[in-house]
Chemist: 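There's a structure below that I have some questions on.
Hydrogens, waters and symmetry mates are skipped; everything else that's a heavy atom, side chains included, is used. Letters A, B, ... mirror the listed sequences (proteins, then strands); counts begin at 1.
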Protein chains: 2
Amino acid sequence: MLIRTPGDLGAVIRDRRKRLKLDQATLAKRIGVSRQWVIEVEHGHPRAELALVLRALDVLGIPVDVNSGGPTSRGSTSAVDINAIVTKAKEGKT
Amino acid sequence: MLIRTPGDLGAVIRDRRKRLKLDQATLAKRIGVSRQWVIEVEHGHPRAELALVLRALDVLGIPVDVNSGGPTSRGSTSAVDINAIVTKAKEGKT
DNA sequence: TATAAATGTAGCCGCTCGCCGACATTCCGA
DNA sequence: TCGGAATGTCGGCGAGCGGCTACATTTATA
């Protein structure tokens, strides 16, 4: 699942929480935040604290992976095609 | 690259920015934040806004991927086996 | 149906964010 | 060597976060 907005993240978190049969209060305690925080984040709160979000994902056992863009360029465009990436993302798909 | 702390994220962002030959000011403008924000985040600021961080990653063309617990994407669960724990505890249904 | 749990909402408060503007320092090229 | 750009730092300011308590609503259980 690609994350591009707080909403995506919220959905993932909520989904995972339910799968783990955890209620918001319990999850909140494990993360070290208030229940309200969990609610807000699950609803896609855009201004949540980075560290808390990462902690939440960690507690839920959700690994966050990013493509730092291999420096050795794995047989593809040598340069960086930000344009292509962003454009494609904006367009959606073909 | 697995992201577990704001520091990890900052490193990735900085690395990518340099690779794109962008200065902080330019990147900041593209993301829609101040230069100070870029500096803080690159230094691993733990309380940055989620949405801004995601936007930064997007601008830099860095896809963020998470394992929302797909059927075949059964993680290795090397760190915390919350799944196993909870599952076992809840076991008894079906 | 009645009860309890879980979820969502509201207002108040302290604290920090993110921004602005300016300046010091470091880095790199001419 | 010199100069300019890039980077990092400082102080102040308005705005909103995140925590708390209590309550309303929805859902699930007995």
Side-chain angles (χ1 to χ4, degrees), chain A residues 3-62 64 68 71 79-80 82, chain B residues 3-62 64 68-69 82-83 85-87 89-94:
Chain A
I3 301 298
R4 296 192 66 242
T5 72
D8 297 339
L9 211 50
V12 171
I13 290 179
R14 173 156 227 164
D15 188 62
R16 188 66 162 211
R17 176 176 64 78
K18 292 203 167 176
R19 259 182 232 197
L20 295 179
K21 294 287 190 294
L22 294 175
D23 55 86
Q24 299 174 335
T26 304
L27 175 59
K29 214 168 279 184
R30 289 201 188 175
I31 301 173
V33 298
S34 67
R35 189 166 64 86
Q36 280 70 22
W37 186 88
V38 174
I39 294 174
E40 305 253 344
V41 170
E42 288 190 353
H43 284 217
H45 185 51
R47 310 184 61 164
E49 283 186 21
L50 175 60
L52 296 183
V53 173
L54 291 177
R55 199 195 207 92
L57 294 173
D58 195 41
V59 167
L60 289 171
I62 303 175
V64 182
S68 337
V80 191
I82 242 191
Chain B
I3 301 298
R4 297 192 67 235
T5 72
D8 297 338
L9 211 49
V12 170
I13 290 179
R14 172 157 226 164
D15 189 60
R16 188 67 161 209
R17 177 176 62 78
K18 291 203 166 177
R19 233 169 259 187
L20 295 179
K21 294 285 190 294
L22 294 175
D23 54 86
Q24 299 174 335
T26 303
L27 175 59
K29 212 168 283 182
R30 290 202 188 175
I31 301 174
V33 298
S34 68
R35 191 166 65 82
Q36 280 74 17
W37 186 89
V38 175
I39 295 175
E40 305 253 346
V41 170
E42 289 190 352
H43 284 219
H45 186 55
R47 311 185 60 166
E49 281 185 24
L50 175 60
L52 296 182
V53 173
L54 290 178
R55 201 196 207 96
L57 293 173
D58 194 41
V59 168
L60 288 171
I62 303 175
V64 182
S68 29
I82 297 182
N83 302 313
I85 299 173
V86 177
T87 300
K90 278 289 183 180
E91 187 194 84
K93 243 298 206 43
T94 333

Chemist: Are side-chain heavy atoms of Leu22(A) and Arg30(A) found at a separation under 4.5 Å?
Modeler: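 Side-chain contact under 4.5 Å: yes.
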
Chemist: First locate atom CG of Leu52(B), then atom CZ of Arg47(A), and finally report the distance between them rounded to the nearest 0.5 Å.
Modeler: 7.5 Å

Chemist: Do Leu9(B) and Val41(B) have side-chain heavy atoms sitting under 4.5 Å apart?
Modeler: no

Chemist: For DNA chain D, whose closest nucleotide is more 5', that of Arg47(B) or that of Arg17(B)?
Modeler: Arg17(B)

Chemist: What I'd like to find out is whether the side chain of Val38(B) reaches to under 4.5 Å of the side chain of Ile13(B), using heavy atoms alone.
Modeler: no

Chemist: Under a criterion of less than 4.0 angstrom to any heavy atom of chain A, what are the 5'-terminal and 3'-terminal contacting nucleotides of DNA chain C?
Modeler: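 Result: dA6(C) to dA10(C).
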
Chemist: Of Trp37(B) and Ile39(A), whose closest DNA chain C nucleotide lies nearer the 5' terminus?
Modeler: Ile39(A)

Chemist: In whole Å, what is the span from the NE2 atom of His43(B) to the C1' atom of dT9(D)?
Modeler: 10 Å

Chemist: Specify the closest pair of heavy atoms between His45(B) and Pro6(B), including all atoms of both residues, with the distance to one decimal.
Modeler: O-CB, 3.7 Å

Chemist: Between Ile31(A) (CD1) and dG19(D) (C1'), how many Å, whole number?
Modeler: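 Going from CD1 in Ile31(A) over to C1' in dG19(D) covers 14 Å.
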
Chemist: For a 4.5 angstrom cut-off between non-hydrogen side-chain atoms, does Leu27(A) reach Leu60(A)?
Modeler: yes

Chemist: What are the two closest non-hydrogen atoms of Thr5(B) and Leu54(A), and how far apart are they?
Modeler: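 Minimum heavy-atom separation between Thr5(B) and Leu54(A): C-CD1, 3.4 Å.
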
Chemist: Atom pairs under 3.5 Å, N or O on each side, protein against nucleotides 21-28 of chain D: can you list them with distances?
Modeler:
from	atom 1	to	atom 2	distance (Å)
dT21(D)	O4	Gln36(A)	NE2	3.1

Chemist: Calculate the interatomic distance between His45(A) atom NE2 and dG18(D) atom C1'; express it in whole Å.
Modeler: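 One finds 8 Å between C1' of dG18(D) and NE2 of His45(A), rounded.
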
Chemist: Per the salt bridge (charged side-chain N to carboxylate O under 4.0 Å, His left out) rule, which among Arg19(A), Lys18(A), Arg17(A) passes with Asp15(A)?
Modeler: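 For Asp15(A), the salt bridge (charged side-chain N to carboxylate O under 4.0 Å, His left out) check succeeds only for Arg19(A).
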
Chemist: What heavy-atom pair brings Val12(A) and Ile62(A) nearest, and what distance separates the two atoms?
Modeler: CG1-CD1, 3.7 Å

Chemist: For Glu49(A), report the nucleic acid contact type (base, sugar-phosphate, nothing); a contact means any heavy atom under 4.0 Å.
Modeler: sugar-phosphate

Chemist: If I take atom NZ in residue Lys21(B) and atom P in nucleotide dA6(D), what distance separates them, rounded to the nearest angstrom?
Modeler: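 In whole Å, dA6(D) P and Lys21(B) NZ are 13 Å from each other.
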
Chemist: Starting from C1' on dA6(D), measure out to CD on Gln24(B) and report it in whole angstrom.
Modeler: 7 Å

